[in-house]
Protein chains: 2
Amino acid sequence: MIAGMSSEPARASAMADLMRAGRETARLSMVFRNAIADRLGLTVSDLECLDFLADVGSATAGQVAGRTNLTTGAVTSMLRRLQQAGFVTAERDPADRRRVIVTLRPERIPELERPYERFAEQAVRLIEGYSVEEVLLLVRHFGRMREMYLAELDRLGGAQ
Amino acid sequence: MIAGMSSEPARASAMADLMRAGRETARLSMVFRNAIADRLGLTVSDLECLDFLADVGSATAGQVAGRTNLTTGAVTSMLRRLQQAGFVTAERDPADRRRVIVTLRPERIPELERPYERFAEQAVRLIEGYSVEEVLLLVRHFGRMREMYLAELDRLGGAQ
DNA sequence: GCGAACATCTTAGTCATTAAGATAACGGCA
DNA sequence: TGCCGTTATCTTAATGACTAAGATGTTCGC
């Protein structure tokens with residue numbers, strides 16, 4: 001609707017398709033994430049936290065708060081929850097005893113990845129059908145999207 | 001890690017980059033959506049509902065429930081909320097008085113789109129730099145992702 | 001070793017959401 | 001027509017994640 005002028009109608013329509021497809025994919029990924037959290041008996045925030053920990057190994061409670069956009073109070077109770085469910089261990093940092101170091105229990109990782117497994121396999125299969133140039137185009141596109149998201153989030157006053 | 005065999009290391013690394021970028025983008029889009037809902041003083045579910053209504057014009061309460069993955073009870077109170085905030089009108093269907101027809105107030109649409117505006121403009125600008133072939137590749141890719149999401153959601157037992 | 005800054009925890013309260021069942025309206029069938 | 005099963009929404013009570021504000025314990029600079 002806001003469409004910029006374009007000489008060829010095929011181009012304009014392809015662009016509109018892309019805008020629409022992008023929104024739809026974003027929406028579906030949210031629903032997907034929700035479904036996975038449900039299946040694991042977790043909150044979306046819990047999943048976010050565990051994903052983060054899977055990335056970095058271990059982190060302080062404050063870092064978890066930053067990543068999940070939760071208050072420290074909410075993180076405290078989330079960590080109690082995750083600890084009780086055995087997904088995570090938490091202990092005070094001996095070097096700075098104000099801090100709490102949270103660590104994902106490695107033995108639970110497979111369980112967390114299982115719901116994604118089929119999806120990831122299919123994604124790999126899809127990507128294998130692309131040429132290297134095509135893959136690189138997609139990577140560049142996502143990179144630009146990432147920058148746009150971060151810039152907008154910044155502008156919206158979010159922490160992140 | 002599950003990577004299929006690949007002759008060229010450049011290809012394997014590009015594929016890994018793409019997998020990572022895809023996950024990161026999905027995550028950022030969630031955070032973004034959350035930030036926008038916050039700014040509008042709405043829930044993510046509210047936003048989902050309003051987006052849906054912007055698409056289809058008007059729908060029954062049950063259709064809204066299906067789209068948002070909420071129970072009918074939750075939809076009832078969500079609609080009361082949105083009605084009170086003036087985003088939506090709700091009236092019984094004269095043809096089938098069990099149904100409630102929910103309609104987005106057109107005059108509020110600009111207000112809902114405003115937070116996306118800059119983002120959408122930037123997206124258009126980005127896409128304008130692509131060739132038609134590149135745009136079509138992206139559209140195809142998103143289409144395949146969409147299918148994968150829907151298949152997995154189905155498998156996870158979700159309604160949708 | 002004193003005070004400010006920091007990291008986490010506690011407490012009380014809010015609010016979206018769910019589950020279960022109530023209410024009301026439709027549609028078919030005798 | 002009148003009854004019954006089904007459908008669509010609403011109500012009620014309870015749950016639980018989350019926030020805000022302030023308490024607690026810890027570090028660091030002076």
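Reckoned from all heavy atoms, side chains included, excluding hydrogens, waters and symmetry mates. Lettering follows sequence order; numbering is per chain, from 1. Fair warning: this is a prediction, and the values are worked out from it, not measured in the lab.
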Given atom CG of Asn34(B) and atom P of dA16(C), what is their separation to the nearest angstrom?
-> 14 Å

Could you state the CG-P distance from Leu82(A) to dA17(D), rounded to the nearest angstrom?
-> 10 Å

Extract from the structure each pairing of a protein N or O with an N or O of nucleotides 27-30 of chain D at less than 3.5 Å, listing the distance.
residue, atom, partner, partner atom, Å
dT27(D), OP1, Arg97(A), N, 2.8

Below 4.0 Å: OP1/OP2 of dC9(C) and any side-chain N or O of Arg99(A) | no

Starting from C1' on dA8(D), measure out to CD on Gln63(B) and report it in whole angstrom.
-> 12 Å

Counting just side-chain N and O atoms, does Thr76(B) come under 4.0 Å of either OP1 or OP2 of dT11(D)?
-> no

Pairs meeting criterion ring pair (Phe, Tyr, Trp, His ring centres under 6.0 Å) with involvement of residues 85-110 of chain A, two or more places apart | none

To the nearest angstrom, how far is Gln83(B) atom CD from dC10(D) atom P?
-> 9 Å

Would you mind reading off the bend of the helix from dC2(C)-dG29(D) to dA30(C)-dT1(D) from its two end axes, five pairs each, to 10 degrees?
-> 10°

Under a single-linkage rule joining Ile, Leu, Val, Met, Phe, Trp and Tyr whose side-chain heavy atoms are separated by less than 4.5 Å, which residues share a cluster with Val132(A)?
-> Leu136(A)

Contacts of type ring pair (Phe, Tyr, Trp, His ring centres under 6.0 Å), residue Tyr130(B), not counting sequence neighbours = His141(A)

Residues in side-chain hydrogen bond (donor to acceptor under 3.5 Å, both in side chains) contact with Thr43(B), at least two apart in sequence or another chain | Asp46(B), Arg81(B)

Quick one: is Arg81(A) getting a side-chain N or O under 4.0 Å of the dT15(D) phosphate, OP1 or OP2?
-> no

Across all chains, not counting sequence neighbours, the salt bridge (Lys or Arg N to Asp or Glu O under 4.0 Å) partners of Asp55(B) are Arg20(A)

Closest approach of Val135(B) to Ala14(A) (non-hydrogen atoms, all atoms of both residues) | CG1-O, 3.4 Å

Does anything in residues 29-56 of chain A pair up under ring pair (Phe, Tyr, Trp, His ring centres under 6.0 Å), and if so which pairs, sequence neighbours excluded?
-> Phe32(A)-Phe119(A), Phe32(A)-Tyr149(B)

Tell me, please, which residues at least two apart from Met30(B) pass side chain to side chain contact (heavy atoms under 4.5 Å, CB included).
-> Met30(A), Arg33(A), Val44(A)

What residues, two or more places apart in sequence or in another chain, satisfy side-chain hydrogen bond (donor to acceptor under 3.5 Å, both in side chains) together with Glu113(A)?
-> none

In whole angstrom, give the distance that lies between atom CE of Met78(B) and atom P of dC10(D).
-> 12 Å

From dT11(D), dA17(D), dC9(C), nucleotide with atom closest to Arg92(A) side chain = dC9(C)

Just the table, please: protein N/O against nucleotides 18-22 of chain C N/O, every pair under 3.5 Å.
residue, atom, partner, partner atom, Å
dT18(C), OP2, Thr71(B), N, 3.2
dT18(C), OP2, Thr71(B), OG1, 3.4

Separation of atom CG in Asp46(B) from atom C1' in dA16(C), rounded to whole Å = 9 Å

Residues at least two apart in sequence or cross-chain that pass side chain to side chain contact (heavy atoms under 4.5 Å, CB included) with Arg118(A), listed by chain then number, are Glu152(B), Arg155(B)

Determine whether more than 12 heavy atoms belonging to other residues, nucleotides or ligands lie under 6.0 Å from atom CZ of Arg108(A).
-> yes

To the nearest angstrom, the CG-P distance between Leu79(B) and dA16(C) comes to 13 Å

